[in-house]
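So the structure is just underneath, and the comments pick up after that.
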Amino acid sequence: MNKPYNKSEPPPMELALRQAEAARDRGEVPVGAVIVDGRTGRLLAQAGNRVEERADPTAHAEMLAIREATQTQGEPRLDGMDLYVTLEPCAMCAQALSLARIRRLYFGAYDPKSGGVEHGARVFTHATCHHKPEVVGGLGETEAAALLKDFFKGKR
């Protein structure tokens, strides 16, 4: 993965949306994540949910992208890296972002039911949270929310 971001390629949130679509096509909740070096724009990792496929409740797109990026970097921390994800991270993923020292979090759709950033646990607001990334919500929200809505409509 570890390749320079080419300006002719889609922006990171578009890549995350593509990962979400691929997750949907595998029967997973359509969430995708991309990690880029915030200084150079180098693409480090991209992933979509694989919870069902791996029978692993921690195989969220964000967790998989963090694992790939840390392996690529050979470091447990991702200082200066930005994460783009199509859905507001849950509390587990928000804590992992903090532990990984992600510089900036961009997310698409808000998650009032299970979110852990703007809703629910609000992980980054706790005194025990030692690293708080800059957060930008609502980036690509319309497309991300539509993917989720269509997916769950088909499940009902």
Side-chain angles (χ1 to χ4, degrees), residues 1-26 28-111 114-118 120-126 128-141 143-144 147-148:
M1 179 58 45
N2 195 8
K3 64 177 188 153
Y5 177 68
N6 180 339
K7 295 288 185 193
S8 67
E9 292 178 3
M13 187 54 88
E14 179 62 32
L15 295 173
L17 285 163
R18 289 180 183 179
Q19 287 294 319
E21 291 167 350
R24 175 204 58 208
D25 294 347
R26 292 189 302 272
E28 301 279 354
V29 174
V31 178
V34 171
I35 296 178
V36 300
D37 184 318
R39 299 169 297 250
T40 66
R42 187 178 75 213
L43 181 62
L44 296 174
Q46 53 186 327
N49 275 357
R50 292 186 180 274
V51 171
E52 302 301 326
E53 175 185 305
R54 295 186 179 179
D56 178 357
T58 70
H60 291 196
E62 302 96 317
M63 300 294 282
L64 297 173
I66 288 169
R67 289 175 189 143
E68 182 180 335
T70 57
Q71 287 179 338
T72 297
Q73 294 294 96
E75 297 286 336
R77 285 167 212 79
L78 298 170
D79 294 310
M81 306 305 160
D82 298 340
L83 184 133
Y84 293 78
V85 62
T86 58
L87 181 64
E88 175 184 350
C90 69
M92 173 185 68
C93 292
Q95 186 62 51
L97 295 173
S98 177
L99 292 170
R101 304 293 194 265
I102 291 289
R103 177 183 82 152
R104 201 172 282 134
L105 163 64
Y106 297 93
F107 70 84
Y110 290 83
D111 189 354
S114 300
V117 177
E118 301 285 334
R122 297 183 181 175
V123 170
F124 303 140
T125 65
H126 294 268
T128 56
C129 181
H130 300 295
H131 173 76
K132 299 165 177 58
E134 182 180 331
V135 176
V136 178
L139 182 65
E141 179 178 11
E143 298 87 347
L147 262 175
L148 289 158

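Source: prediction; values computed, not measured.
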List the atom of [X], the atom of [Y], and the distance in Å for their closest heavy-atom pair.
X: Ala94; Y: Phe124; answer: O-CE2, 3.3 Å
X: Ala65; Y: Ala45; answer: O-CB, 3.3 Å
X: Glu143; Y: Leu17; answer: CB-CD1, 4.0 Å
X: Glu68; Y: Gln46; answer: OE1-O, 3.4 Å
X: Ala69; Y: Ile35; answer: CB-CD1, 3.9 Å
X: Pro12; Y: Val36; answer: CG-CG1, 4.1 Å

I'd like to know if the side chain of [X] and the backbone of [Y] have a donor-acceptor N/O pair within less than 3.5 Å.
X: His131; Y: Ala100; answer: no
X: Ser114; Y: Cys90; answer: no
X: Gln73; Y: Leu78; answer: no
X: His126; Y: Ala121; answer: yes
X: Asn49; Y: Val29; answer: yes

Considering only heavy atoms from C-beta outward, does the side chain of [X] approach that of [Y] to under 4.5 Å?
X: Cys93; Y: Met63; result: yes
X: Asp111; Y: Leu148; result: no
X: Thr72; Y: Arg42; result: no

Separation between [atom1] of [X] and [atom2] of [Y], rounded to the nearest 0.5 Å:
X: Thr70; Y: Met81; atom1: OG1; atom2: CE; result: 11.0 Å
X: Tyr84; Y: Arg104; atom1: OH; atom2: CZ; result: 7.5 Å
X: Leu105; Y: Glu88; atom1: CG; atom2: CD; result: 8.5 Å
X: Gln19; Y: Leu64; atom1: CD; atom2: CG; result: 10.0 Å
X: Ile102; Y: Ile66; atom1: CD1; atom2: CD1; result: 5.5 Å
X: Leu43; Y: Asp37; atom1: CG; atom2: CG; result: 10.5 Å

From CA spacing to verdict: side-chain contact (heavy atoms from CB on, under 4.5 Å), Thr86, Met13: CA-CA 7 Å; Thr86 58; Met13 187 54 88; 4.3 Å; yes
Worked verdict on Val135 versus Phe107 for side-chain contact (heavy atoms from CB on, under 4.5 Å): CA-CA 8 Å; Val135 176; Phe107 70 84; 3.7 Å; yes
Residue pair Thr58 / Arg67, side-chain donor-acceptor N/O under 3.5 Å: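 Thr58 vs Arg67: donor-acceptor pair found between side chains.
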side-chain contact (heavy atoms from CB on, under 4.5 Å) evaluation trace for Ser98 with Lys132: CA-CA 6 Å; Ser98 177; Lys132 299 165 177 58; over 6 Å; no
Partners meeting side chain to side chain contact (heavy atoms under 4.5 Å, CB included) with Glu53 (sequence neighbours left out):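 Arg26, Glu28, Arg50.
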